[in-house]
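The residues of the chain are indexed from 1 along the displayed sequence. The model shown is predicted, which means the values in this text are computed figures rather than measured ones.
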Amino acid sequence: MGEIVNLRLVRKRSERACAETKAAENRARHGRTKADRERDELGKDRADRLLDGAKREPPASE
């Protein structure tokens with residue numbers, strides 16, 4: 001005979017696990033210091049300037 005399972009408890013366990021994973025994602029996304037955000041922004045700006053500087057000009061039409 002199979003094990004008796006309380007579906008309400010299984011549902012609550014599942015919801016708690018889902019909430020915990022969502023909380024971990026939010027902590028990773030929003031739990032950064034101002035210095036971390038500024039460093040990432042400076043790195044992105046530096047990469048954008050490097051790419052813009054390497055662009056070729058289109059040939060001039062005569």
Side-chain angles (χ1 to χ4, degrees):
M1 193 162 165
E3 184 179 340
I4 297 175
V5 178
N6 188 334
L7 296 177
R8 177 179 50 88
L9 294 179
V10 171
R11 178 182 49 85
K12 285 186 176 189
R13 240 182 254 140
S14 168
E15 289 174 357
R16 275 190 218 111
C18 181
E20 180 59 35
T21 57
K22 186 174 180 181
E25 290 172 2
N26 285 337
R27 282 192 298 270
R29 185 179 306 138
H30 299 290
R32 297 174 25 188
T33 64
K34 184 176 181 180
D36 289 340
R37 290 191 303 265
E38 288 176 350
R39 184 184 64 235
D40 290 345
E41 186 176 338
L42 285 175
K44 183 179 178 297
D45 290 343
R46 185 175 295 132
D48 288 343
R49 282 195 310 268
L50 179 67
L51 288 174
D52 288 343
K55 284 185 180 177
R56 292 180 163 185
E57 294 295 323
S61 60
E62 295 179 20

Using residues 6-14 as the side-chain source, report each donor-acceptor pair under 3.5 Å to any protein atom, sequence neighbours left out, with the distance given to one decimal.
unit_1 : atom_1 : unit_2 : atom_2 : d
Asn6   : OD1    : Arg8   : N      : 3.1

> Is the CD atom of Glu41 crowded by more than 12 outside heavy atoms at less than 6.0 Å?
Replying inline: no
> Is the shortest side-chain N to carboxylate O distance from Asp40 to Lys44 below 4.0 Å?
Replying inline: no
> Quick one: do Glu38 and Arg32 make a salt bridge, cutoff under 4.0 Å?
Replying inline: no
Mind listing the side-chain donor-acceptor pairs of residues 50-57 below 3.5 Å, one per line with the distance, residues two or more places apart or on another chain?
none

>> Using the rule given for side chain to side chain contact (heavy atoms under 4.5 Å, CB included), can you reason through Asp36 versus Arg39, listing the C-alpha separation, both sets of side-chain angles and the distance that settles it, and then say yes or no?
In response: CA-CA 5 Å; Asp36 289 340; Arg39 184 184 64 235; 3.2 Å; yes
>> Are the side chains of Asn26 and Lys22 in contact, using a 4.5 Å heavy-atom criterion?
In response: yes
>> Please report the interatomic distance CZ(Arg37) to NE2(His30), rounded to the nearest 0.5 Å.
In response: 10.5 Å
